[in-house]
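What you see below is based on every heavy atom in this structure, not just the backbone, and it leaves out hydrogens, waters and symmetry mates. This structure is a prediction, so every number in the text was calculated from the model and none was measured.
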Amino acid sequence: MPAQIAIEEEEEQQPLLHSTTTDGIEEEVVTSSLSNEPDALKRKLIGSNQRLLSLDVFRGLTVALMILVDDAGGAFPSINHTPWFGVTIADFVMPFFLFGVGVSISLVFKKASSKSLATKKVVLRTVKLFLLGLFLQGGYFHGRNNLAYGVDVAKIRWLGVLQRISIGYLLASITEIWLVRNVMVDSPTAFVQKYYIQWLGNTMLAEMIIATLLLSLYMCVLYGLYVPNWEFQSPSLTLSTNGPHTQIVHCGVRGSLEPPCNAVGYIDRYFLGEPHLYRRPVYRRTKECSVNSPDYGHLPPHSPEWCLAPFDPEGILSSLMAVLTCIVGLHFGLILLHHKGQMHRVVLWSMSSFALLFSGFVLQLLGIPFSKPLYTLSYMCITAGASGLFLTIIFYIVDVKHFRKPVVLLQWMGMNALIIYALAACDIFPAAVQGFYWRSPENNSVDGLESLLQSALRSSKWGTLVFVLLEILFWCLVGGFLHMKGIYIKL
């Protein structure tokens, strides 16, 4: 699952006023909100080298949540991803990442001196991030419990978490660079005039360029595309059958949101190919496909044929819908830049967040269910609203009331989210540590510590939870060490 990106890390090293500080993004926030203040006050506050700490804490919280649900979700299925419909804690992680990227984009491209140059940088960074995701999530690394490496390129997984975020970053950045009018923002009216495309698109009040086109395309394809019968190569589950065999899934429908016959899966099978999709989709934990539902388990008697079919949770069509979460984050960032009062920002953010949450619940009541694998409209609204609400709360605590010491660990983690994601969530560090073992691969320090905690607590579930919490603490301290050394990973 998910993971935070540091697309914006490079820009954090580029101050808006070219001063000696390295806090480029945060300095943009300070200077833009003081455009009408006396010069002496500007110099005083700019020189204080303030950071938008709440954004760092928000990133850190997201990474910590990702590690928690990834590594403890097996022991506590209730916090793991929902098997298909509904939302759990894990289902908020990906939208949190996308939302944070959108907020950063608004800060980074506030004053793009050259649109073509800015676009070139965005495209280059998008390619780098996509290729990094392909390397980390395409199948080359096999995970903590499988120390093998390498991938058959005929079965490489083309899409994943980082690839989805690269798509969101690209489209949201292009929106900010090319669809913003060059109007001086000195009043609420001017703010709406300059950003009316994103303002209307994010709140879905009119047919505007990016958000409305993406939403319309998604809804038309999801509910209007005819999904025919299809087949896939299923692994053999019996000794009497050698090798994979062909399974046929019977569909012939339009507008289905169920696992076997939805348009999201059909688009991915058609354009990407069945061998290049994720092989262990969440619907294997549904009651139809698992005797241990909502956890993974053996197939029940007379289970449907599609239970063993692949499905990519970060597919093409759902990724286009996920871009809207980035655009919502972009809208929140614009409010941060162009409204002076801290409480004014809090009020506007709260109004936007509750409006999205309300819209999500209304859409769910109207028949559009919450579904992360499909990234339905109701799911987008409720998760984007929750993202905004959490950022608002963190902003109020950290940047308004200045209660910073209790969240300093999350702040450290958020400052180097990309490297922590690559090392922790993609199992690079655990696999490297497990490479050293005593006589057999099972006798390694990672598994040994987890087993020790399980024995001490006399519970495999709670021992695993304590192990994961220690893991999160470890990565917080790693982030703090990198911060003290002035190391920030950038693309």
Problem set entry | Under the disulfide (SG to SG under 2.5 Å) test, residues paired with Cys476 that sit two or more places apart |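 Listed in chain order: nothing, the list is empty.
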Exercise. Residues two or more places apart in sequence or in another chain: which of them pass disulfide (SG to SG under 2.5 Å) with Cys307?
Worked result: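 For Cys307 the disulfide (SG to SG under 2.5 Å) partners, ignoring immediate neighbours, are Cys289.
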For this session: Report yes or no: do Arg164 and Ser319 form a side-chain donor-acceptor pair below 3.5 Å?
Result: yes
Problem set entry | Thr82 side chain to Asp91 side chain, donor-acceptor N/O pair below 3.5 angstrom |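 No, because no side-chain N or O of Thr82 sits under 3.5 Å from a partner of the opposite role on Asp91.
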Problem set entry | Side-chain heavy-atom pair Met321, Met380 within 4.5 angstrom cut-off |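 Answer yes - side chains close enough.
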For this session: Just do the side chain to side chain donor-acceptor pair (under 3.5 Å) check on His483 and Trp412 with the steps written out, would you?
Result: CA-CA 7 Å; His483 171 59; Trp412 290 345; 4.7 Å; no
Is the distance between the ring centroids of [Y] and [X] under 6.0 Å?
X      : Y      : value
Trp349 : Phe395 : yes
Phe99  : Phe332 : yes
Tyr140 : Tyr149 : yes

Exercise. What residue pairs, at least two apart or across chains, pass salt bridge (Lys or Arg N to Asp or Glu O under 4.0 Å) with a residue in residues 293-313?
Worked result: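 Listed by first then second residue: Arg157-Asp312.
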Exercise. For the ring pair (Phe, Tyr, Trp, His ring centres under 6.0 Å) test, which of Phe370, Trp306, Phe311 pairs with Trp84?
Worked result: Phe311
Exercise. Can Glu274 and Arg279 be counted as an ion pair, charged N to O under 4.0 angstrom?
Worked result: yes
Problem set entry | Test log, rule side chain to side chain donor-acceptor pair (under 3.5 Å), inputs Arg284 and Tyr296 | CA-CA 6 Å; Arg284 291 197 184 181; Tyr296 290 101; over 6 Å; no
